[in-house]
S.K.: 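This is the structure I have questions about; it appears just below.
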Amino acid sequence: MKNYQSWFGAVIITVALVLAWLIYEKILGAGSNFVGGVNSGEPVKGNYLGVMYKGGPLVVVLIAFQIILLAYAAERLLTLRRAYGRIKTQAFVMQVRNLLKQGKWDEIIALCDSQRGSLGNVVKSALSAFKTWSHSHPEASQAEKIAWIETEMEEATQLEIPILQKNMLVISTLAQISTLIGLLGTVTGMIIAFASMARVGAPDAVGLANGISQALVTTALGIPTAALGIVLYNYLANEIEQIIYSIDEVNFTIAQYFKLQKV
């Protein structure tokens, strides 16, 4: 899992930087966006691609952030979709309950395999371990069996949660630092602008314009990137909470059943 995560992160970052540079140079920096046909000139009036190009190298970083953000969000969405499984929660709980009443342990395990989600993983892990333990401890009391199955389900749940929350830190970090990178561009842009005004003689109009462009463009890119990151993070976090709630519901149902039955 760690190797996959490192591989995925390295590929995404590399691809994002390359794509961001290509977008910056080939699309934003295309000659058709500038007066005179060269990107060293002023942007054509009303051409926002040329204006964005004047934001400087930090535009590449911010575009890369957007690509990375979307890639990780897509990865999380696919993972969470699989985590929900193929059988709805209520239907899964009812089937597990009916099979428990009949003592069909193997059928429960097969049902968990069919569910192919976090619910199935937790129930399969807990009940498989309980089945093995109960067979080796036939003298165990009702209270001991209940305590054991509750502990096993809690441990299985705690092992499943990190899988659901993986890469959420990346999305959260991008959402937080995008605004800071935009502000960094604002500061450096203003430094360039004021430096051009402070020169001896007439102020450098081109330097002043470039500085102001960088200041505004990087801020304009940083804020939407951060906003998108916050929205995606909150949405994914809510989806994770729903899955965890479903797991807790299944655990509670199984525990309650065991408390009412002679296991």
S.K.: Is a donor on one side and an acceptor on the other found under 3.5 Å between the side chain of S128 and the backbone of K124?
M.R.: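 Such a contact is found between S128 side chain and K124 backbone.
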S.K.: Run the numbers on Q242 and S246 for side chain to side chain donor-acceptor pair (under 3.5 Å), then give the verdict.
M.R.: CA-CA 6 Å; Q242 291 296 322; S246 298; 5.8 Å; no
S.K.: Minimum heavy-atom separation for A129 and W148, please, with both atom names.
M.R.: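 The pair with the smallest heavy-atom distance is O-CH2, 3.4 Å.
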S.K.: Given L99 and L111, is the side-chain contact (heavy atoms from CB on, under 4.5 Å) satisfied, shown in steps?
M.R.: CA-CA 10 Å; L99 292 172; L111 178 64; 4.2 Å; yes
S.K.: Could you pull out all donor-acceptor pairs under 3.5 Å where a side-chain atom in residues 24-36 meets a protein atom, sequence neighbours excluded?
M.R.:
unit_1 : atom_1 : unit_2 : atom_2 : d
Y24    : OH     : Y53    : O      : 3.0
N33    : OD1    : N47    : ND2    : 3.0
N33    : ND2    : I27    : O      : 2.8
N33    : ND2    : L28    : O      : 3.2

S.K.: For L174 and I68, which heavy atoms make the closest approach, and how far apart are they?
M.R.: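 Heavy atoms of L174 and I68 come nearest at CD1-CG2, 3.6 Å.
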S.K.: Give a yes or no answer on whether the side chain of R116 reaches the backbone of N121 with a donor-acceptor pair at less than 3.5 Å.
M.R.: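 Such a contact is absent between R116 side chain and N121 backbone.
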S.K.: So, taking the atom named CD in E107 and the one named OG in S114, what distance separates them when rounded to the nearest 0.5 Å?
M.R.: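 The OG atom of S114 is 11.5 Å from CD of E107, to the nearest 0.5 Å.
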S.K.: For a 4.5 angstrom cut-off between non-hydrogen side-chain atoms, does L232 reach L69?
M.R.: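 SC-SC contact between L232 and L69 confirmed.
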S.K.: Roughly how far, to the nearest 0.5 Å, is the CD1 atom of I254 from the CD atom of E249?
M.R.: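 It comes to 11.0 Å.
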S.K.: Okay, side chain of T188, backbone of G185: is any donor-acceptor separation there less than 3.5 Å?
M.R.: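 Indeed, once roles are kept as given, a pair shorter than 3.5 Å links the two residues.
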S.K.: Spell out, yes or no, whether I244 and V250 are grouped together once hydrophobic residues are joined by side-chain heavy atoms under 4.5 Å, including indirect joins.
M.R.: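 Linked, I244 and V250 end up in one cluster.
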S.K.: With side chain to side chain contact (heavy atoms under 4.5 Å, CB included) as the test, pick out the partner of L17 among I13, L19, V15.
M.R.: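 Checked I13, L19, V15 against L17; only one passes side chain to side chain contact (heavy atoms under 4.5 Å, CB included): I13.
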S.K.: Under the side chain to side chain contact (heavy atoms under 4.5 Å, CB included) test against Y72, which residue among L169, L77, I12, I67 passes?
M.R.: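 When L169, L77, I12, I67 are each tested with Y72, the side chain to side chain contact (heavy atoms under 4.5 Å, CB included) holds only for I12.
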S.K.: Can you tell if the side chain of E155 reaches within under 4.5 Å of the side chain of T151, non-hydrogen atoms only?
M.R.: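 Of all side-chain heavy-atom pairs linking T151 with E155, at least one is under 4.5 Å.
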S.K.: Would a 4.5 Å heavy-atom cut-off, applied to side chains only, mark I240 and R76 as touching?
M.R.: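 I240 does not reach R76 side chain to side chain.
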S.K.: Measuring from L119:CG to K88:NZ, what's the distance to the nearest 0.5 Å?
M.R.: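 Reported to 0.5 Å precision, the distance equals 13.5 Å.
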S.K.: How far does CE of M168 sit from NZ of K166, to the nearest 0.5 angstrom?
M.R.: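 M168 atom CE to K166 atom NZ measures 13.0 Å (nearest 0.5 Å).
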S.K.: Does any non-hydrogen side-chain atom of L221 lie less than 4.5 Å from one of Q66?
M.R.: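 They are in contact (side-chain heavy atoms under 4.5 Å apart), so the answer is yes.
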S.K.: Looking at CZ of R86 and CZ of F92, how far apart are the two atoms once the value is rounded to the nearest 0.5 Å?
M.R.: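 Atom-to-atom, R86:CZ and F92:CZ are 14.0 Å apart.
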S.K.: Is the side chain of K54 donor-acceptor paired with the backbone N or O of V217 at a distance under 3.5 Å, no angle test?
M.R.: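 No; zero donor-acceptor contacts below 3.5 Å.
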S.K.: Within the structure provided, determine whether L184 and T218 are in side-chain contact (heavy-atom separation under 4.5 Å).
M.R.: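 Result no, sub-4.5 Å side-chain heavy-atom pair not found.
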S.K.: Go through the steps for I63 and W21 under the test side-chain contact (heavy atoms from CB on, under 4.5 Å), then give the verdict.
M.R.: CA-CA 8 Å; I63 294 175; W21 182 83; over 6 Å; no
S.K.: Quick check: closest heavy atoms across S118 and L164, and the distance to 0.1 Å?
M.R.: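 What the structure gives for the nearest pair is OG-CD2, 3.6 Å.
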S.K.: Report yes if the side chains of L228 and L70 come closer than 4.5 Å at any heavy-atom pair, otherwise no.
M.R.: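 The answer is yes, as the side chains (C-beta and beyond) meet within the 4.5 Å cut-off.
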S.K.: When you measure from the side chain of Q102 to the backbone of N98, do you find a donor-acceptor pair of N or O atoms at a distance under 3.5 Å?
M.R.: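 Confirmed, Q102 side chain pairs with N98 backbone.
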S.K.: How close do I247 and E160 get, counting heavy atoms only, and between which atoms?
M.R.: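 Minimum heavy-atom contact is CD1-CG, 4.4 Å.
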S.K.: Under a 4.5 Å side-chain heavy-atom rule over Ile, Leu, Val, Met, Phe, Trp and Tyr, are L180 and Y233 clustered together?
M.R.: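 No, because L180 and Y233 fall into different hydrophobic clusters, even though each may have its own neighbours under 4.5 Å.
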S.K.: What I want to check is whether the side chains of E239 and Y84 have a donor and an acceptor closer together than 3.5 Å.
M.R.: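 Checked: E239/Y84 side chains pair up, N/O donor to acceptor below 3.5 Å.
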S.K.: Do Y245 and V123 sit in one hydrophobic cluster, given that two such residues count as connected whenever their side-chain heavy atoms are within less than 4.5 Å of each other, even indirectly?
M.R.: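 Not linked; separate clusters.
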S.K.: Is L49 linked to I23 within one hydrophobic cluster, defined over Ile, Leu, Val, Met, Phe, Trp and Tyr using a side-chain heavy-atom separation of less than 4.5 Å?
M.R.: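 Linked within one cluster.
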S.K.: Do you reckon L159 sits in the same ILVMFWY cluster as I243, going by side-chain contacts under 4.5 Å, direct or chained?
M.R.: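 Different clusters.
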S.K.: Any sub-3.5 Å donor-acceptor pair from Q115's side-chain atoms to G117's backbone N or O?
M.R.: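 Here the side-chain-to-backbone pair exists.
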S.K.: Would you say the side-chain atoms of T157 and D248 include a donor-acceptor pair closer than 3.5 Å?
M.R.: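 Side-chain D/A pair, T157 to D248: absent.
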S.K.: Drop me the distance from T186's OG1 to I181's CD1, to the nearest 0.5 angstrom.
M.R.: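 One finds 11.0 Å between OG1 of T186 and CD1 of I181.
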S.K.: Do you know which two heavy atoms are closest between G229 and I171, and how far apart they sit?
M.R.: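 Closest pair (atom of G229, atom of I171, distance): O-CG2, 3.8 Å.
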S.K.: Would a 4.5 Å heavy-atom cut-off, applied to side chains only, mark I149 and L127 as touching?
M.R.: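 Side chain of I149 against side chain of L127, heavy atoms only: contact under 4.5 Å found.
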S.K.: Would you name the heavy atoms of M153 and A126 that are closest together and state the gap between them?
M.R.: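 What the structure gives for the nearest pair is CG-CB, 3.4 Å.
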S.K.: Can you tell me if N167 and E75 form a side-chain donor-acceptor pair at under 3.5 Å?
M.R.: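 Looking only at side-chain atoms, E75 and N167 do form a donor-acceptor pair, the distance falling under 3.5 Å.
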